[in-house]
Amino acid sequence: KQLVLEFTLQLADTSFILGHRLSEWCGHGPVLEQDMALSNIALDLIGETRSLYQYAAELEGKGRTEDDMAYLRDTVEYKNPLLVEQPNGDFGDTIMRQFVFDSFHFFFLKALQNSTDHRLAAIAEKSLKESSYHIKWSSEWVIRLGDGTAESRQRIEKAIDNLWPFSGEFFMMTATEKALLEQGFIPDYNQIKQSSDAHIAKVFEEATLEVPQNVWMQSGGKEGRHTEHLGFILTELQYLQRAYPRLEW
Amino acid sequence: KQLVLEFTLQLADTSFILGHRLSEWCGHGPVLEQDMALSNIALDLIGETRSLYQYAAELEGKGRTEDDMAYLRDTVEYKNPLLVEQPNGDFGDTIMRQFVFDSFHFFFLKALQNSTDHRLAAIAEKSLKESSYHIKWSSEWVIRLGDGTAESRQRIEKAIDNLWPFSGEFFMMTATEKALLEQGFIPDYNQIKQSSDAHIAKVFEEATLEVPQNVWMQSGGKEGRHTEHLGFILTELQYLQRAYPRLEW
Amino acid sequence: MQEVEVNLEEQFEAKVAKDIRIEPKDWMPDAYRKTLIRQISQHAHSEIVGMLPEGNWITRAPSLKRKAILLAKVQDEAGHGLYLYSAAETLGASRDQMTADLHSGKAKYSSIFNYPTLSWADIGAIGWLVDGAAIMNQVPLCRTSYGPYARAMVRVCKEESFHQRQGFEIMMTLCNGAPEQKKMAQEAFNRWWWPTLMMFGPKDDESPNTAQSMRWRIKRFTNDELRQRFVDMMVPQAEFLGLTVPDKDLKWNEAKNGYDYGEVDWNEFWNVVKGNGPCNKQRIQTRVKAYEEGAWVREAALAHAEKRAQRESAKAEQAA
Amino acid sequence: MQEVEVNLEEQFEAKVAKDIRIEPKDWMPDAYRKTLIRQISQHAHSEIVGMLPEGNWITRAPSLKRKAILLAKVQDEAGHGLYLYSAAETLGASRDQMTADLHSGKAKYSSIFNYPTLSWADIGAIGWLVDGAAIMNQVPLCRTSYGPYARAMVRVCKEESFHQRQGFEIMMTLCNGAPEQKKMAQEAFNRWWWPTLMMFGPKDDESPNTAQSMRWRIKRFTNDELRQRFVDMMVPQAEFLGLTVPDKDLKWNEAKNGYDYGEVDWNEFWNVVKGNGPCNKQRIQTRVKAYEEGAWVREAALAHAEKRAQRESAKAEQAA
């Protein structure tokens, strides 16, 4: 149960931080329609986050709420992979970050539907519908930017260069994940990786982009060792709850 | 005494926010020597801030400390003029913000030395020495950038355009300031403005820059009506004190 | 020709008088078209610029629920902007041109968005007061004479009243909360009350276009009428919340069955309209920056669409 | 010619052996010069890049006093960078070239700065551990054979030991503080301990340059000697603070009168050196960005200085 709690928090943190990052775009997108698309994905992820934190709070059984989980834990207690805390950068960076995430998230949720943990399976089922839109959206944009203008190609290649080192952490199993895999709570990441790699290869081909080879993969986020970005996210994110503790909003 | 407290806090907030803004440059300056100069000015201003908050805390007499003043007041309680909370922008913006500030601060401190409030007079005397370096430094840079390259001229003109609307607030008297002027606690702002204007005119002439005319002057900061920037400064600045209340550091 | 025009104009006037909707393909006087384009695009711009002050608090919203609600709200505003730009396009305006006019300062947007959001309570105050005033302005527009505009407004108003309830609920939570929260709410109310009253525009005797707009049934009430209604509606709500209206001249007038209220600071009003509000510069700079930084994305999307179309037509040719 | 060179080399070796300082104008072997330039510029780069992880907490320091101390400390590092660049310049290296080598990745800097600062306790840990290790490395350099380098190191070491005391004091305050603070301190200690041990460089048998550097009296102790000293010094300090050293193999060895400690993860060490540390990319990108964004400032200063010089010489001509 402690393991499921840890894992659920890790998933929640992941959706939350990415949802937060995407929400930073609101009002600043390159075109209204895409501003709305970014907010939509952010909203879906925050929705998923809430279900997960609520479940985590129940598993913990100490009377904490979803907001306590989100607003009252510090940097090293957050367990999201490093990718999702990377800055928005330009639209190309945001698209590539989203594409790498979706290429994991979609296939992960698909497999998680079969978890022996029914609550996680149910959350996965609900989020999978949304994620299937996300992966379609981000894949299409990768293709557009890769096979668009010379500038867009250069920018998306720079984004690949910036973000690829963070694409491997999703599939590196923590001790918690290994234990849960043995107990059948979570799916086999190798299979997910195969689907994910195949999807990436297909989209990159259509985008006339190369999948980077032999890149050193960064990790640590799932164990609380983050990049310096997360601290700044949390100062902003948590400010009100920290400044005015224990109030209703 | 309440008035002196309010005024002291206003001065402290002003030095503090500008010192904080300058400290954001540390490690990112255009050349090492200027990186150090920016930090130096930040350090001087933070030093002045501490003396002022300490005095404010004594005046208030409620056992609060300098850190309580700095870290536990929210946006609308801060009373700094809007200029000092404006973003660093490029080096030209930072120089122009500093120059406008120094052109007030230097002449203000000079006059404040004669305040009937001996504590404020003493703080002014100490800070004046530092400020005389600051105004020299920022004036020289205005001249260099104005009479440098075509690009530097364009950038410093853009900075003037951005920041000039915030140059008037220093001299607009709040109710508190008016009352203190009558009681001889603070100097006559009209005289300070004359010295300040003369200094600006001289430096701009040497820099081959024009002093903007008939610009609408923004105000509100000294009454707690800030720009949206201050809130973000405070989220970062106050995070630790807010997240871990009432601890020693 | 002259006669035909006169005839068309008479028909138009007759339709308007009978509350028959004018549709894009119908004949309409140039001045009517221009007035509508100006008003609708201004309205669209207000939605888009209006995303910024509230968007400013999305990353700092105090709970997950509030974060989601606020994000959805600001997203709705983008949607409203889209409906309205589309409505203006039916009159022959192009979105690019409208955007350019916003960025150059030629087109206006509601001045209320030139005020900053300084605390979380501002999000409540905007929802409650600003959206409240917007609805008061907009509900009559659901019956405005131009069809596409009226239909867009029906959708907008439905969502706006939802937003207004959310804003009121934020205020209520703050007012029923800790003393710091109540203080935050009062402070926000103090800052937003007067600018909100300015949202109804200048006094009737200084509003030269009102008469024509009312004749064309674009507008249905005068500025002062709407402002009075708004005051009468909000004062009891403020009392319910336990907030003090920052107007020492406010008092109930039994004779007119409404509130008398103090004089709006029209200097401030005109000054903000002229571009000197606290955030005019910042708002436009933010929009221009988003637009300019998005240029390469729009170009890439276009280039890719063209490549794709070419490839498909090449394939079709081969097949033929 | 050949003979003269041999003579010079003998004189040089003799001076070094007698601990007579080599000065910029003295003859020195090319390899000595190159080794020094590499080492001094690497050291200078470390100071400059080292500003970033600590600078990361200046805006979030938890008190005014701590903020001022930290800002002054990071500023001191810039100063150290300046002394050291100057020392390297006496050997014929140019600051522009050294900067370019840093930015291109050709020149290295201390790998420790490729780790992120994640909590306030990291500021304490860096001061205490990283500055502690730096001093251990640097104190012998105050007696290094090259004069300008040795003199720069004297100033640097004086300030570094001041910084180290400040770092220790932060740790002590946290360890004597609330449980959350103690936890923060331990967590930071866990992350920084091993990377700090790596600061002394590879094991002696994998450090090919050590022997030559020692012969030239650039270095005075081997990597492993310094590492052992450091462990022996820090373990009691950690105990004093009530912190647990994150090394299950650590134990006192009476025979060698020092601590045995676990094996450093040399894979991680070489990996970070190769550029794969958590922050390598970010650190260099940050420096390059600062440099590129500062280009116009440097150009303006130069252009203005030239204009001024021209005006003055014109004036002088007129007067003549």
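All chains are named by letter (A, B, ...) in the order of the sequence lines, taking the proteins before the strands, and each is independently numbered beginning at 1. None of these values were measured; they are calculated from a predicted model.
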Proximity breakdown for [X] and chain A, heavy-atom pairs closer than 4.5 Å:
X	answer
R66(C)	side chain
I48(C)	side chain
E292(C)	neither

pair [X]-[Y]: side-chain heavy atoms closer than 4.5 Å:
X	Y	answer
R155(A)	W296(C)	yes
H304(C)	L145(A)	no
E47(C)	L32(A)	no
L174(C)	W249(A)	yes

Please report the closest heavy-atom contact between [X] and [Y], naming both atoms and the distance.
X	Y	answer
G148(A)	K307(C)	O-NZ, 3.0 Å
E248(A)	T173(C)	O-CG2, 3.8 Å
L71(C)	S23(A)	CD2-CB, 4.0 Å
G27(A)	L52(C)	O-CD2, 3.8 Å

Leading residue by heavy atom contact count with chain A [cutoff under 4.5 Å; candidates [options]]:
options	value
A290(C), G79(C), A300(C), G294(C)	A300(C)
G177(C), A305(C), G124(C), A72(C)	A72(C)
E169(C), E54(C), E293(C), M184(C)	M184(C)
K67(C), E299(C), M51(C)	K67(C)
E77(C), K65(C), E180(C)	K65(C)
A78(C), G81(C), G55(C)	A78(C)

Can you tell me if [atom1] on [X] sees more than 12 non-hydrogen neighbours from other groups inside 6.0 Å?
X	atom1	answer
R298(C)	CZ	yes
K281(C)	NZ	yes
F162(C)	CZ	no
E58(A)	CD	yes

May I ask you to name which of [options] has the most heavy-atom pairs under 4.5 Å with chain C?
options	result
E236(A), H28(A), Q241(A)	E236(A)
T149(A), N40(A), D147(A), L247(A)	D147(A)
Y239(A), Y71(A), Y53(A), Y244(A)	Y71(A)
E140(A), Q34(A), E33(A), R242(A)	E33(A)
A243(A), C26(A), A150(A), G19(A)	C26(A)

Q) After noting the C-alpha distance and the side-chain angles of M69(A) and L64(C), does the key distance pass the side-chain contact (heavy atoms from CB on, under 4.5 Å) rule? A) CA-CA 10 Å; M69(A) 298 295 181; L64(C) 292 166; over 6 Å; no

With a 4.5 angstrom heavy-atom cut-off, could you sort out which part of [X] is near chain C: side chain, backbone, both or neither?
X	result
W25(A)	neither
L38(A)	neither
Q54(A)	neither
L43(A)	both
A70(A)	side chain

Q.
Under a 3.5 Å distance rule, please check whether R144(A) uses its side chain to pair with a backbone N or O of A303(C) as donor and acceptor.
A. no

Q. In Å, rounded to the nearest 0.5 Å, how long is the span from CG of L237(A) to CD1 of I58(C)?
A. 13.0 Å

